[in-house]
Protein chains: 2
Amino acid sequence: MQSSKQKKLEQNGWKVGSASDFLELTPEEEAYIELKLSLCRTLKKIRTRKHLTQSDLAKKINSSQSRVAKMEAGDASVSLDLVIKSLFSAGASSKDIRNAIPQS
Amino acid sequence: MQSSKQKKLEQNGWKVGSASDFLELTPEEEAYIELKLSLCRTLKKIRTRKHLTQSDLAKKINSSQSRVAKMEAGDASVSLDLVIKSLFSAGASSKDIRNAIPQS
DNA sequence: TTGCAATATGTCAAATATGACATATAATAA
DNA sequence: TTATTATATGTCATATTTGACATATTGCAA
């Protein structure tokens, strides 16, 4: 039986582990995914703090509202590159990004 | 005339600015590229500190020596996702990654 | 020198991420 | 209710990133 946490990851399109290793994440996989999801949450926080709509932000990064929505939902189809670019474009500081990195 | 800094970026394959705006980076572009390059340098530092060859690390991340070399060279063809995954696989801590984020 | 391990560079088909678009859902006001 | 704005979800052709491979270069010991 899967944990609800993992279920949620898989709902978002995350391929958790390899085919032969379906239930476990390596610590490295886990750290990477948690870092990414934390940055996605931070993006939503900062965007709303700056009173920007998803469409506003999309325009700034030459993308579309739907892609911003996917980023903020932590969808597996979006790259860290786009999340970081979006954070800066939304007005995040390096400090904001630093603080978004989970402990340990 | 281009700055040597920009020349170096373009040597590494970075598309700096748009076609119409060839000399300037937006502050957001600049922050993103600097963050990425800093993480690439950190990867090399940590890998060597751990006495791993590029091939060793490549094996850990199911990639190839040449891609690790490109990462460490700050080549524009590598994603932040791969750099972050590599950092964790090389044994970097969240603190290491946090510290790699440039100020301001 | 020569030999060998490590790293760098270039290329390419396959895999993945992309913006754009349609459309669904939610939230809020009139 | 309806209208409107914001956000969510699904799809798809195109663009970018991928691991793999060949091969060049570097560094260093014998």
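Naming: A, B, ... by sequence-line order, numbering from 1 per chain. Please read all numbers here as calculations on a predicted model, not as lab measurements.
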Colleague: Would you say a side-chain N or O of A:Arg47 is under 4.0 Å from OP1 or OP2 of D:dT7?
Modeller: yes

Colleague: For a quick test of reading the model: is some side-chain N or O of A:Gln54 closer than 4.0 Å to OP1 or OP2 of D:dA8?
Modeller: yes

Colleague: In this structure, how many angstroms lie between the P atom of C:dT7 and the CG atom of B:Leu57, rounded?
Modeller: 10 Å

Colleague: Between the base of C:dT18 and the side chain of A:Lys85, is there any donor-acceptor pair under 3.5 Å?
Modeller: no

Colleague: Round to the nearest Å and state the distance from B:Asn62 atom CG to C:dT16 atom C1'.
Modeller: 16 Å

Colleague: Between the base of D:dC21 and the side chain of B:Ser64, is there a donor and acceptor pair under 3.5 angstrom?
Modeller: no

Colleague: Would A:Glu72 and A:Arg47 pass as an ion pair if we require N to O under 4.0 Å?
Modeller: yes

Colleague: Flag the pair B:Lys36 and A:Asp81 as a salt bridge only when some basic side-chain nitrogen lies within less than 4.0 angstrom of an acidic carboxylate oxygen.
Modeller: yes

Colleague: Taking the minimum atom-to-atom distance to the side chain of A:Glu72, which one of D:dT18, D:dA8, C:dT7 wins?
Modeller: D:dA8

Colleague: Classify the nucleic acid contact of A:Asp75 as base, sugar-phosphate or nothing, counting any heavy atom under 4.0 Å across all strands shown.
Modeller: nothing

Colleague: Please confirm whether the backbone N or O of A:Glu34 pairs with a side-chain atom of A:Ser38, one donor and one acceptor, at under 3.5 Å?
Modeller: no

Colleague: Using atom CZ of B:Arg67 as one end and atom P of C:dT16 as the other, report the distance to the nearest whole Å.
Modeller: 14 Å

Colleague: Would you kindly give the NZ-to-C1' distance between B:Lys59 and C:dA6, to the nearest whole Å?
Modeller: 14 Å

Colleague: Would you call A:Lys60 and B:Glu28 a salt bridge, taking side-chain N to carboxylate O under 4.0 Å as the test?
Modeller: no

Colleague: In whole Å, what is the span from the CG atom of A:Leu80 to the P atom of C:dA17?
Modeller: 11 Å

Colleague: Look at all strands and tell whether A:Asp81 reaches a base, only sugar-phosphate, or nothing, counting heavy atoms closer than 4.0 Å.
Modeller: nothing

Colleague: What's B:Lys44 touching, base or sugar-phosphate or nothing? Going by heavy atoms closer than 4.0 Å.
Modeller: sugar-phosphate

Colleague: What integer distance in Å separates A:Met71:CE from C:dA17:P?
Modeller: 14 Å

Colleague: Hey, which of these two, A:Ser55 or B:Ile61, hits DNA chain D nearer its 5' end, going by closest nucleotide?
Modeller: A:Ser55

Colleague: Distance alone, cut at 3.5 Å: any donor-acceptor contact between the side chains of B:Ser55 and B:Thr53?
Modeller: no

Colleague: Output the rounded distance in Å from CG (B:Leu43) to P (C:dT7).
Modeller: 12 Å

Colleague: So for A:Gln65 and D:dA8, does any side-chain atom that can act as donor or acceptor lie under 3.5 Å from a complementary atom in the base?
Modeller: yes

Colleague: To the nearest Å, give me how far apart CG (B:Leu52) and C1' (C:dT7) are.
Modeller: 15 Å

Colleague: Is there a donor-acceptor contact under 3.5 Å from the side chain of B:Arg98 to the main chain of A:Ile101?
Modeller: yes

Colleague: Can you tell me if B:Ser79 touches the phosphate of D:dT18, counting only side-chain N or O atoms and a distance under 4.0 Å to OP1 or OP2?
Modeller: yes

Colleague: Counting any heavy atom closer than 4.0 Å, what does B:Val78 reach on the DNA or RNA strands: base, sugar-phosphate only, or nothing?
Modeller: sugar-phosphate

Colleague: It should be established whether B:Ser66 places a side-chain nitrogen or oxygen under 4.0 Å from OP1 or OP2 of nucleotide C:dT9.
Modeller: no

Colleague: Within the modelled atom types, does a donor on one side and an acceptor on the other bring the side chain of B:Lys70 and the base of D:dG19 under 3.5 Å apart?
Modeller: no

Colleague: Which nucleotide, D:dT18, D:dA8, C:dT18, lies nearest any side-chain atom of B:Leu82?
Modeller: D:dT18

